[in-house]
Number of protein chains: 2
Amino acid sequence: MSVTIYDVAREAGVSMATVSRVVNGNPNVKPATRKKVLEVIERLGYRPNAVARGLASKKTTTVGVIIPDIASAFYAELARGIEDIANMYKYNIILCNSDKQPKKELTLIETLLEKQVDGLLFMGPRVTDEHLDLFRSASVPVVLATTIDPGCQLPSVNIDQRQAAYDATRLLLNHGHTRIAFLGGPLEEFAGLSRFQGYRQALEDAGVPFREELVQIADYRYETALKRMAHFLTLPERPTAVFATSDEMAVAAIHAYQDAGFRVPEDVEVIGFDNIRLASMVRPTLTTVAQPMYDIGAVSMRLLTKYMHNEKVTDSLVFLPHTIEIRGSTRAESKTAVATR
Amino acid sequence: MSVTIYDVAREAGVSMATVSRVVNGNPNVKPATRKKVLEVIERLGYRPNAVARGLASKKTTTVGVIIPDIASAFYAELARGIEDIANMYKYNIILCNSDKQPKKELTLIETLLEKQVDGLLFMGPRVTDEHLDLFRSASVPVVLATTIDPGCQLPSVNIDQRQAAYDATRLLLNHGHTRIAFLGGPLEEFAGLSRFQGYRQALEDAGVPFREELVQIADYRYETALKRMAHFLTLPERPTAVFATSDEMAVAAIHAYQDAGFRVPEDVEVIGFDNIRLASMVRPTLTTVAQPMYDIGAVSMRLLTKYMHNEKVTDSLVFLPHTIEIRGSTRAESKTAVATR
DNA sequence: CTGAAAGCGCTAACAT
DNA sequence: ATGTTAGCGCTTTCAG
């Protein structure tokens, strides 16, 4: 079969311990010996077996990452941040797609734990008690990204969703709108609810009455949002502005209005959420709440490495700043760029 | 520490071999014994150690997937196909991003091999001899997707890139265009070159002279393509149609023309490549060469499972059919839907 | 149907 | 600086 550390040892006339030392960069090896071993390794094409290594050392240098949807631009960008930092710290990543299905999430966590990952980075719409139990049953650190557990016990990296939604709504209010539609995500989900709350709060603070008929819930996707928009367009009092909690939905909002003969931003203003690349790839370009996606990924992975290396962590609950990226789907008057925390 | 198979065995009053059998669904266990063991497993919260299992069995039920860019919609969709089939066959996936960097690709392959993956699914712009050597040094099966090695020795799943580009160019030619711009990807890459060849061939077959100044190379991305488009717009004889080899670039082409005061498709026709969701999320919607992305992923993973299970493979070189999705960026006259192979 | 025992390839004390 | 020796937790013959 393939060449093992033992073969190298024999061939180099040393013990396997010595080979192990040179492979692992242990300095306690005489340069001459190291050279000889290295040469044999090269000649034999020896490739250390990470599985055996993992069993013996109880470390796999692998972390599990659970992502709701890898085909979503938002999470893909997050994944890049995660990956870059993981590589920087010499960790490999097992990336798993959960499709936001709680059952699949749980299975995935279980599987990753069986694989003895050194840490877990979890993204999901909700963190339930079942999740918490599983996490606790593991002896590895867990970090949440773009989500948070009800008790805030687990370390997590987020933006202030509520405030971000508040700021977006505020921008529209500042432009004089009173019929601002909210095209949001499921209220059972952490982000969905927080953003809805931010929207309501902004209305309330501005003394603008909240209206049930100005709220539609979709799944963050273009196609679904397009359908929901039909509702707004049939309203006797059509909304004059739309706050969509994803960029795809915002683009759908724009198209729905355009198809009905309205101009954006002249007749209707639209603001999105996330600031994925799509926001710059449509006309008009999209004004949107910019989440530092890459950074959220990077920071959460960095946080995880700290836990894995038993470093001291001062802030286990991280909130990254958001901004509002003003583009073409809102009118130019205001140049408000709001940043929080 | 955590509970092992040995703890379960002791607690259940059986040998670890028996526990192993029930965990692995071996039928040679008396139902009563199985029940007892299962109960102890449940009670102790036993979780099999996949690393130990992998060392003992020499199987990790894990496959390595190397992807050029997970943040690209095209590859993300492919990844979904890969994942779904992998799950179906009980394999986990280690997803790695190579950023199209040959050096990173090689390191990644090496790392995955060290982790003892049961198979490798490789996507990359080029398969060099170095790649081939590494693959050969491994004792695990390798399947290529959306790429092919020069000697066609490795199994692979693709569409007929050349023919697809030919068909796209043909559509434009059929509409009477003689100045068709080609906005393509790097010619050093397999897909980039094939598509360029298809474009040239179509021109030649139609007796339309090829012109150097109608070719621009970009990196498939919107931003870059936008810059390249500037060239076409300054030409004394502007192209009247654009064949862009990615949807992002096609959208850039549309915007470039629109910004210059032209209408699409009335003044200029544009056709893209891939048929990612973006193609339906812009106005006008994008006519494009549709690649069965999900299927390419799914089929390549299925192929890999066959190799991993030592099943007989009749077709190691798979070409999936492509179509042309007619939408709003080309004129309606022709309803040509071309399918090949 | 079940148990005993020998590894899988490597790390990590512990000696020397 | 290097070698010896136990395991790591599990699968897998081989007996019985």
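In the text below, chain A, chain B and the rest are named by the order of the sequence lines, each starting its count at 1.
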Which salt bridge (charged side-chain N to carboxylate O under 4.0 Å, His left out) pairs, counting each pair once, include a residue from residues 126-150 of chain A, with sequence neighbours left out? A/D133-A/R136

Any A/S57 side-chain nitrogen or oxygen under 4.0 Å from OP1 or OP2 of C/dA12: no

Under the salt bridge (charged side-chain N to carboxylate O under 4.0 Å, His left out) definition, can you give me all pairs with a residue in residues 107-121 of chain B, not counting sequence neighbours? A/R47-B/E110

Just the rounded figure in Å: distance from P of D/dG3 to CG of A/N28. 13 Å

Treating A/T147 as the side-chain partner and A/G124 as the backbone partner, does any N or O pair qualify as donor plus acceptor under 3.5 Å? yes

Phosphate oxygens OP1/OP2 of D/dG7: is one of them under 4.0 Å from a side-chain N or O of A/K58? no

Round to the nearest Å and state the distance from B/D7 atom CG to D/dC10 atom P. 9 Å

Kindly state each residue pair satisfying ring pair (Phe, Tyr, Trp, His ring centres under 6.0 Å) with at least one member in residues 12-55 of chain B, sequence neighbours excluded. none

For residues 72-81 of chain A, which residue pairs qualify under salt bridge (charged side-chain N to carboxylate O under 4.0 Å, His left out), counting only residues two or more places apart or in two chains? A/R80-B/D69, A/R80-B/D99

So salt bridge (charged side-chain N to carboxylate O under 4.0 Å, His left out) across residues 33-46 of chain B, not counting sequence neighbours, yields B/E11-B/R43

Is the distance from OP1 or OP2 of C/dT11 to the nearest side-chain N or O of A/R53 less than 4.0 Å? yes

Between D/dG9, C/dT11, C/dT2, which one does the side chain of B/K30 approach most closely? C/dT2

Residues which pass side-chain contact (heavy atoms from CB on, under 4.5 Å) with B/Q116, listed by chain and number, not counting sequence neighbours: A/N49, A/V51, B/T60

Just jot down the ring pair (Phe, Tyr, Trp, His ring centres under 6.0 Å) partners of A/F135, sequence neighbours excluded, or say none. A/F122

Taking NZ from A/K36 and C1' from D/dG3, how many angstroms apart are they, rounded to a whole number? 13 Å

Selection: residues 39-51 of chain B, any non-hydrogen atom under 4.0 Å of DNA chain D: B/Y46, B/P48, B/N49

Close approaches to DNA chain D from residues 13-24 of chain B, in residue order (heavy atom, under 4.0 Å): B/M16, B/A17, B/S20, B/N24

Residues at least two apart in sequence or cross-chain that pass salt bridge (charged side-chain N to carboxylate O under 4.0 Å, His left out) with A/R302, listed by chain then number, are A/E311

Grab the CD1-P distance between B/I5 and D/dT12 for me, whole Å please. 11 Å

5'-to-3' dot-bracket of DNA chain C (Watson-Crick, G-U; under 3.5 angstrom; crossing pairs as [ ]; | other strand): ||||||||||||||||

Between C/dA6 atom C1' and B/L55 atom CG, what is the distance in whole Å? 13 Å

Checking B/Y91 now: which residues fulfil ring pair (Phe, Tyr, Trp, His ring centres under 6.0 Å) with it, not counting sequence neighbours? B/H309

